[in-house]
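Inspection log for the structure reproduced underneath, given as structure tokens.
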Amino acid sequence: MSILEERLTAGTFVVTAELPAVDGGGLDAVRRHVDPLRPWVDAVNATDNTAAHAHASNVAVAIALLRLEVEPILQVVCRDKNRLALQADIMGGALHGVENVCCLTGDDVTAGDEPETRRVFDLDSPQLVQVATGLGQGRYVSGRTIEAPPHLFVGAVENPFTHPLPGRVDRAWKKARAGARFLQLQIGYHPERLGAFMVEATRSGLAARTAILPTICLLPGARGLRFMDERVPGISVPAGTIERVETSSDPREAAYDLALQQARHALDLPGVAGLHLVTFRRDDAVARLLTDLSIPPHAERLPPNAHSPALVHP
Amino acid sequence: MALLETVEHAVKGPIWDCRMCGQCVLHSTGMTCPMTCPKTLRNGPCGGVREDGNCEVVPTMRCVWLKAYDRKERLPLLPSWRRHFDDLRPPVDNRLKGTSSWRNLVTGRDRETPDGWPDAAPHVAEV
Ligand code: SF4
């Protein structure tokens with residue numbers, strides 16, 4: 001059982017983080033990013049060509065994380081590969097001991113720097129969740145049996161911040177029924193939408209069945225907010241929020257305060273099993289953020305957490 | 001045999017912008033063809049829907065799945081169709097592209113899934 005699964009099942013508050021995309025620099029580049037995170041986070045996402053830009057592959061980075069003794073979460077997106085290749089990636093990671101798998105649709109190729117690429121989307125994300133769940137149960141899509149199948153902890157992403165807002169919990173349920181045991185939420189700047197999502201997720205029993213981790217994004221300043229608003233699919237930032245950071249005498253600090261406020265708000269909501277952090281290379285800010293939130297390093301966190309009950313087995 | 005395909009496309013093309021996937025799910029998607037989604041998603045909208053409700057990929061087009069949600073609420077659909085909206089639809093069988101979904105419906109071919117795909121689970125309405 002992965003550390004992530006163990007802790008979420010026990011009801012321990014978890015913190016996960018996204019590893020910035022890796023290109024050159026070898027294992028040292030990976031080490032530089034994970035070292036400041038190491039005491040604080042339970043598991044780290046190995047991303048899969050984020051924002052439709054090519055980088056070192058998800059599986060290779062997940063294995064690098066294992067070598068550095070950090071627990072990986074293998075992100076798998078539907079954009080670049082057909083179902084054969086997706087199954088091969090999950091099985092390939094599992095061969096090395098990668099158990100956590102997070103399934104995403106993926107930004108379209110038009111969001112990337114090679115928009116002329118052929119998009120694949122042979123599966124969609126709920127289908128990919130189902131396929132990954134099947135692999136953990138010992139069968140490929142074809143029905144071919146896997147001897148000694150890997151133990152997998154399958155999760156997904158949901159975006160509670162975009163339309164159709166009432167349909168987002170339904171879609172998260174669909175992923176849960178397909179086998180998703182955790183959900184990392186999309187970055188978002190409409191706290192009331194996150195609130196409505198968590199209330200409904202708790203009321204409907206979703207939050208007890210799949211551990212929900214809101215995402216907090218640590219940006220270096222207002223430029224990042226504007227970029228998100230204009231360029232990142234599915235993220236809109238209210239003009240007032242951007243302005244507040246932009247017109248502050250210390251935008252870097254104002255961006256940090258925004259993240260802190262968002263995290264405080266998320267922690268006050270029902271059904272929150274942990275936080276997912278996206279640092280945009282502000283890896284040092286993780287220690288500060290968690291300290292300000294009074295969340296201790298992972299070794300000192302004990303179950304059960306005050307926010308969410310232990311994860312129920314489906 | 002090609003006649004059936006021609007007729008089906010002639011009827012469904014203009015109304016639903018039918019892409020002839022050969023495994024029609026219109027009844028369970030608020031009569032909105034998911035194959036017109038640029039990502040061909042069959043299980044609901046991606047996370048990239050724009051704030052104005054338009055598509056991540058084609059900014060001038062309303063998200064196909066947003067239309068589906070609206071129509072599911074508005075159209076006089078059979079209750080069973082509405083219930084199937086949140087079903088997990090299986091991956092597309094790419095061999096059926098260009099064939100008549102009408103024939104595939106009658107023969108049951110459109111409901112065949114690979115052995116590793118769980119049988120159409122009865123939809124449990126937990127929500
Ligand atoms: S925004 Fe809607 S139509 Fe566009 S790719 Fe996403 S789900 Fe498909």
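To find a chain, count down the sequence lines: A is the first, B the second, and so on, and within it residues start at 1. Just so you know, these numbers use all the heavy atoms, side chains as well, and skip hydrogens, waters and symmetry mates. This is a predicted model, so every value here is computed, not measured.
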**Study point:** Choice from A:Lys175, A:Arg193, A:Gln137 maximising heavy atom contacts with chain B below 4.5 Å
**Key:** A:Arg193
Practice item. Report yes or no: does A:Gln186 contribute a side-chain atom to a donor-acceptor pair with the main-chain N or O of B:Gly47 at less than 3.5 Å? Key: no
Review point. Under a 4.5 Å cut-off applied to non-hydrogen side-chain atoms, are A:Arg168 and B:Pro45 in contact?
Key: yes
Practice item. Could you check which of A:Arg139, A:Arg79, A:Arg171 has the highest count of heavy-atom pairs closer than 4.5 Å to chain B? Key: A:Arg171
Exercise for review: Pick whichever of A:Leu104, A:Thr162, A:Thr105, A:Asn159 has the most heavy-atom pairs under 4.5 Å with chain B.
Suggested key: A:Thr162
Practice item. Using atom types as modelled and distance alone, determine if a side-chain donor or acceptor of B:Lys39 lies under 3.5 Å from a backbone N or O of A:Gly106. Key: yes
**Study point:** Pairwise distance CD(A:Gln130) to CZ(B:Arg89) - rounded to 0.5 angstrom
**Key:** 14.0 Å
**Study point:** Pairwise distance CG(A:Asp122) to OG1(B:Thr40) - rounded to 0.5 angstrom
**Key:** 8.0 Å
Check your understanding: Rounded to the nearest 0.5 Å, what separation is found between the NE2 atom of A:His163 and the CG atom of B:Asp52?
Key -> 8.0 Å
Check your understanding: Under a 4.5 Å heavy-atom cut-off, does chain A meet the side chain of B:Arg42, its backbone, both or neither?
Key -> both
Check your understanding: What is the distance from atom CG of B:Leu41 to atom CD of A:Gln127, rounded to the nearest 0.5 Å?
Key -> 8.5 Å
Study note, to complete from the structure: SG (B:Cys55) and CG (A:Asp108) are apart, to the nearest 0.5 Å, by 7.5 Å
Practice item. Pick whichever of A:Arg83, A:Arg119, A:Glu158 has the most heavy-atom pairs under 4.5 Å with chain B. Key: A:Arg83
Review point. How many angstroms lie between CG in A:Asp124 and CG in B:Leu88, if you round to the nearest 0.5 Å?
Key: 7.5 Å
